[in-house]
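Values in this document were obtained by computation on a predicted structure and should not be read as measured data.
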Amino acid sequence: MVVDDQVMVRAGLAAIVGSQPDLEVVGEAGDGAAAVELAGTLQPDVILMDIRMPGVDGLTATARLTSGPNPPRVLVLTTFHHDAYVFQALRAGASGFLLKDSEPAELVAAVRTVAAGDAMLSPAVTRSLIDAFASGAVSAAPETDPRIDALTPRERDVLIAIARGLSNAEIGAQLGITTGTVKVHVNALLGKIGVRDRVQATIVAYDTGLVSPGPRHPGGAAGV
């Protein structure tokens with residue numbers, strides 16, 4: 001489903017996505033309130049969500065959409081590459097963040113990525129997220145958190161590695177375990193801390209103080 005208050009933008013996004021044989025646009029909405037109502041009827045797998053719209057904005061709509069059972073994946077689109085929008089969208093439950101000036105191929109790839117249950121961030125957004133914690137622009141709460149307490153020592157290690165931007169293969173090499181075992185730990189820890197993907201897990205790791213801002217992994221994950 002495509003949500004944007006500009007008719008021409010909606011039409012363009014719908015045309016790009018709908019041109020793919022494995023993707024179907026099931027509906028369009030011009031504001032957040034209409035998006036929430038329409039999504040309840042259409043049950044889309046992925047929603048392309050603009051942030052700045054009159055009435056109910058995209059951030060509020062995203063929070064409402066992702067708070068219910070079997071929520072859709074929300075891919076936030078905006079012309080504004082601003083840290084505040086990134087953090088608010090991710091905290092609201094978005095599975096990805098993409099600038100509107102991205103190439104059509106990037107948009108289609110992002111839709112497929114979030115539809116598959118993964119999260120999508122550009123390298124610049126990933127760097128921005130970590131840098132904001134490092135600069136203090138986004139505060140972290142170091143006190144004990146029950147979500148972290150529920151993790152096994154190995155799951156904590158894997159979560160720390162995820163927050164540092166390592167891929168499953170890199171985590172396996174660092175911890176001396178197979179990639180398959182890493183995937184098992186990732187799925188387990190996501191369930192325990194109550195998030196759907198690695199981006200949300202990274203936010204939890206920083207918010208709870210499990211990870212302190214420091215040097216980034218040089219290959220910091222882009223599509224995590």
Side-chain angles (χ1 to χ4, degrees), residues 1-20 22-68 71-129 132 138 195-200 202-203 221-224:
M1 192 169 80
V2 179
V3 184
D4 196 292
D5 62 324
Q6 298 182 43
V7 176
M8 292 297 291
V9 173
R10 282 205 312 272
L13 293 171
I16 292 171
V17 175
S19 68
Q20 303 301 305
D22 59 327
L23 302 175
E24 178 186 0
V25 177
V26 296
E28 300 178 23
D31 60 67
V36 173
E37 182 177 356
L38 194 58
T41 301
L42 299 177
Q43 297 293 306
D45 298 304
V46 177
I47 296 179
L48 300 180
M49 180 73 74
D50 186 26
I51 286 183
R52 300 186 66 174
M53 296 181 291
V56 177
D57 63 23
L59 297 175
T60 303
T62 296
R64 293 178 183 175
L65 287 163
T66 58
S67 63
R73 299 277 173 167
V74 178
L75 179 61
V76 171
L77 300 171
T78 183
T79 54
F80 301 91
H81 191 169
H82 191 285
D83 289 350
Y85 292 134
V86 177
F87 305 135
Q88 291 176 49
L90 296 178
R91 289 186 190 282
S95 294
F97 188 97
L98 202 65
L99 297 181
K100 284 186 178 179
D101 60 2
S102 299
E103 294 295 324
E106 293 179 278
L107 172 63
V108 171
V111 171
R112 292 191 178 116
T113 296
V114 298
D118 295 321
M120 179 67 201
L121 288 180
S122 70
V125 171
T126 302
R127 288 194 299 271
S128 178
L129 177 63
V138 177
V195 300
R196 294 182 299 163
D197 54 51
R198 298 166 75 103
V199 173
Q200 301 298 317
T202 297
I203 291 176
V224 294

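Between A110 and L98, the closest heavy-atom pair is CB-CD2, 4.0 Å. Closest of all the heavy-atom pairs between L75 and F97 is CD1-N, 3.8 Å. Across all their heavy atoms, R196 and T66 have their closest contact at NH2-CG2, 3.7 Å. Contact record, P44 with P72: O-CB, 3.4 Å, taken as the closest heavy-atom pair.
Partners of D197 under the salt bridge (charged side-chain N to carboxylate O under 4.0 Å, His left out) rule, at least two apart in sequence or in another chain, are R73. For D31, the side-chain contact (heavy atoms from CB on, under 4.5 Å) partners two or more places apart in sequence, or in a different chain, are A33, A34.
Residue E106 holds its CD atom at 8.5 Å from CG of D101, rounded to the nearest 0.5 Å. The distance from atom CG of D5 to atom CG of D57, rounded to the nearest 0.5 Å, is 11.0 Å. Atom CD of residue Q43 and atom CG of residue L38 lie 10.5 Å apart, to the nearest 0.5 angstrom. One finds the CZ atom of R10 at 11.0 Å from the CE atom of M1 (value rounded to the nearest 0.5 Å). Between the CG atom in L42 and the CD atom in E37 there is a gap of 10.5 Å [rounded to 0.5 Å].
When side chains are defined from C-beta on, M49 counts as touching L65, because their heavy atoms get closer than 4.5 Å. Looking only at side-chain heavy atoms (C-beta outward), V56 and V36 stay at 4.5 Å or farther from each other.
Screening D4, L99, V2, L107 for a side chain to side chain contact (heavy atoms under 4.5 Å, CB included) with L77, the sole residue that qualifies is L107. A side chain to side chain contact (heavy atoms under 4.5 Å, CB included) with L48 is found for exactly one of I16, V3, V111, namely V111.
The pair D50-K100 meets the salt-bridge criterion, since a charged nitrogen lies less than 4.0 angstrom from a carboxylate oxygen.
Of the possible polar contacts, one joining the Q200 side chain to the A94 backbone as a donor-acceptor pair under 3.5 Å is found.
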